[in-house]
2 protein chains.
Amino acid sequence: MARVGLTTERLVRAGADLADEVGFDQVTVSALARRFDVKVASLYSHVKNSQDLKTKIALLALEELADRAADALAGRAGKDALTAFANVYRDYAREHPGRYAAAQFRLDPEAAAASAGGRHAQMTRAILRGYDLTEPDQTHAVRLLGSVFHGYVSLELGGSFSHSAPGTQETWSRILDALDATLRNWPAP
Amino acid sequence: MARVGLTTERLVRAGADLADEVGFDQVTVSALARRFDVKVASLYSHVKNSQDLKTKIALLALEELADRAADALAGRAGKDALTAFANVYRDYAREHPGRYAAAQFRLDPEAAAASAGGRHAQMTRAILRGYDLTEPDQTHAVRLLGSVFHGYVSLELGGSFSHSAPGTQETWSRILDALDATLRNWPAP
DNA sequence: TCATTTGCCTAAGGGCTTTAGGTAGATGCA
DNA sequence: TGCATCTACCTAAAGCCCTTAGGCAAATGA
């Protein structure tokens, strides 16, 4: 009975990797046990249950994403910041589709409060400092940015854009141009 | 052994209702059998398997959504059409969250080809006739609209906007204003 | 009325989840 | 170093979901 050295940390990280390989909703306690060549029941000392495992993977993804975004935002402002921030989301989703899907996992209120969700909102607001928006327009704009980034990334990832010209990189650039223009010239009600 | 009168049609419709009540990923062959007070195996004469059931629910949702959109678009143009079209998506998602989630279900290429997906794309293009866009900008704009609508609706449905002022109706209107302005004044590369 | 079709059933194998309780390897103290 | 304790991983078992194979009885139609 060699001990493998399971920890919650290692399980969550391996779960995230597994998600990237086979999809977040194929992440299962059983599959994870197989990956460590260990019996399923053994995982239940480190993770409460399947839901808990998925929640922890989601929290990991949200942290990683927030860390990358913070890095990208350092020293940038205006459209430069907007573009860098947007690219973090898109690139993360392409490199880590399973983790990105995990970040969309519906968290219970307690987990949501402890998540990096707040950092994401704060950073989005920080970007808008480069544009002249006051409340409540700033909140509207935060929501617009969230919608476009999440919507674009999940449609592209789902393949909705893959069967028509022109390429998605071109569209992405033009959408960021359009967003920048919209923010610089936010319409009055 | 009274016969209940199962048909693929009835199963799919009931599956869609079930999705709206308990969530699309809680839709299961077993749950559906329980709903008809019938043994699980009985469903397999009408539906190939679980994946097939979900695909058929997705196709139903896409059709319903396209029908509503076509209705809403009739006799409208410009911003009027844009708003009506956008509201169809948002309202459908709020009335039928499970069906809306189903419409996001990853279809295999064959099912995708037979789906109402093409109608959606066509209608989005029709809206853009009210704005002065030529290819490839039109395609970029189609993708922007898809991203915003899908992104906003899924974030709102997921509760991302529910714990901050101002209300989401206000944001939604302002986002549509902003989109309209963007389309009227599409930035050159 | 009787043959055929077919709608729903029983039976059974296999997978994932979760809990309860056992055993052996690691840890720490004398 | 030896022994007690801890704990990491295990076996066992129950419950639920998916799927296939084969059977019986209700509907259909000649």
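Chain letters run A, B, ... following the sequence lines, proteins first and then strands; every chain starts at 1.
Across residues 14-29 of chain A, A/Thr28, A/Val29 each have a non-hydrogen atom less than 4.0 Å from an atom of DNA chain C (numbered order). Of the residues in residues 50-58 of chain A, those with a non-hydrogen atom less than 4.0 angstrom from any atom of DNA chain C are A/Ser50.
For the pair A/Phe36 CZ and D/dC10 P, the computed distance is 13 Å after rounding to whole Å. For the pair A/Tyr44 OH and D/dA12 P, the computed distance is 19 Å after rounding to whole Å. Spacing between atom CG of A/Leu32 and atom P of C/dT18 amounts to 13 Å, rounded to whole angstrom units.
The closest side-chain heavy-atom distance from A/Leu11 to A/Leu43 is below 4.5 Å.
Among residue pairs with one or both ends in residues 44-53 of chain A, those qualifying as side-chain hydrogen bond (donor to acceptor under 3.5 Å, both in side chains) are A/Asp52-A/Lys56; sequence neighbours excluded. Within the structure, ring-ring contact (aromatic ring centres under 6.0 Å, His included) contacts touching residues 117-142 of chain B (residues at least two apart or in different chains) are B/Tyr89-B/His120. Each salt bridge (charged side-chain N to carboxylate O under 4.0 Å, His left out) pair with one or both residues in residues 28-40 of chain B, not counting sequence neighbours, appears once here: B/Glu21-B/Arg35. Sorted by first then second residue, the side-chain hydrogen bond (donor to acceptor under 3.5 Å, both in side chains) pairs that include residues 74-84 of chain A, not counting sequence neighbours, are A/Lys79-A/Asp177. Among residues at least two apart or in separate chains, ring-ring contact (aromatic ring centres under 6.0 Å, His included) pairs with a member in residues 14-33 of chain B are B/Phe24-B/Phe105.
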Distances under 3.5 Å between nitrogen or oxygen atoms of protein and nucleotides 6-8 of chain D:
residue	atom	partner	partner atom	Å
D/dT7	O2	A/Arg3	NH2	3.2
D/dA8	O4'	A/Arg3	NH1	2.8

Pairs under 3.5 Å (N/O, protein and nucleotides 11-15 of chain C):
none

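We find that B/Glu170 and A/Arg143 are not joined by a salt bridge, their nearest charged nitrogen and carboxylate oxygen being 4.0 Å or further apart. Salt-bridge check for B/Asp67 with B/Arg119: passed, with a basic side-chain N closer than 4.0 Å to an acidic carboxylate O. A/Asp180 has a carboxylate O that lies under 4.0 Å from a charged side-chain N of A/Arg184, or vice versa, which qualifies the two as a salt bridge. Under 4.0 Å is where a charged nitrogen must lie from a carboxylate oxygen, and between A/Glu9 and A/Arg13 at least one such pair does. For B/Glu156 and B/Arg94, the salt-bridge test passes: some basic side-chain N is under 4.0 Å from an acidic carboxylate O.
For A/Arg99 (side chain) and A/Asp20 (main-chain N/O), no donor-acceptor pair under 3.5 Å exists by modelled atom type.
In this structure, of D/dT20, C/dT10, C/dT19, it is C/dT10 that holds the atom nearest to the side chain of B/Lys39.
Side-chain contact annotation: A/Thr139 with B/Arg174, donor-acceptor N/O pair under 3.5 Å absent.
For A/Leu157, the side chain to side chain contact (heavy atoms under 4.5 Å, CB included) partners are A/Ala93, A/Pro97, A/Tyr100, not counting sequence neighbours. Every residue meeting the ring pair (Phe, Tyr, Trp, His ring centres under 6.0 Å) condition with A/Tyr152, not counting sequence neighbours, appears here in chain and number order: A/Phe161, A/Trp172.
The bend of the helix from C/dT1-D/dA30 to C/dA30-D/dT1, defined by the angle between the axes of its first five and last five pairs, stands at 0° to the nearest 10°.
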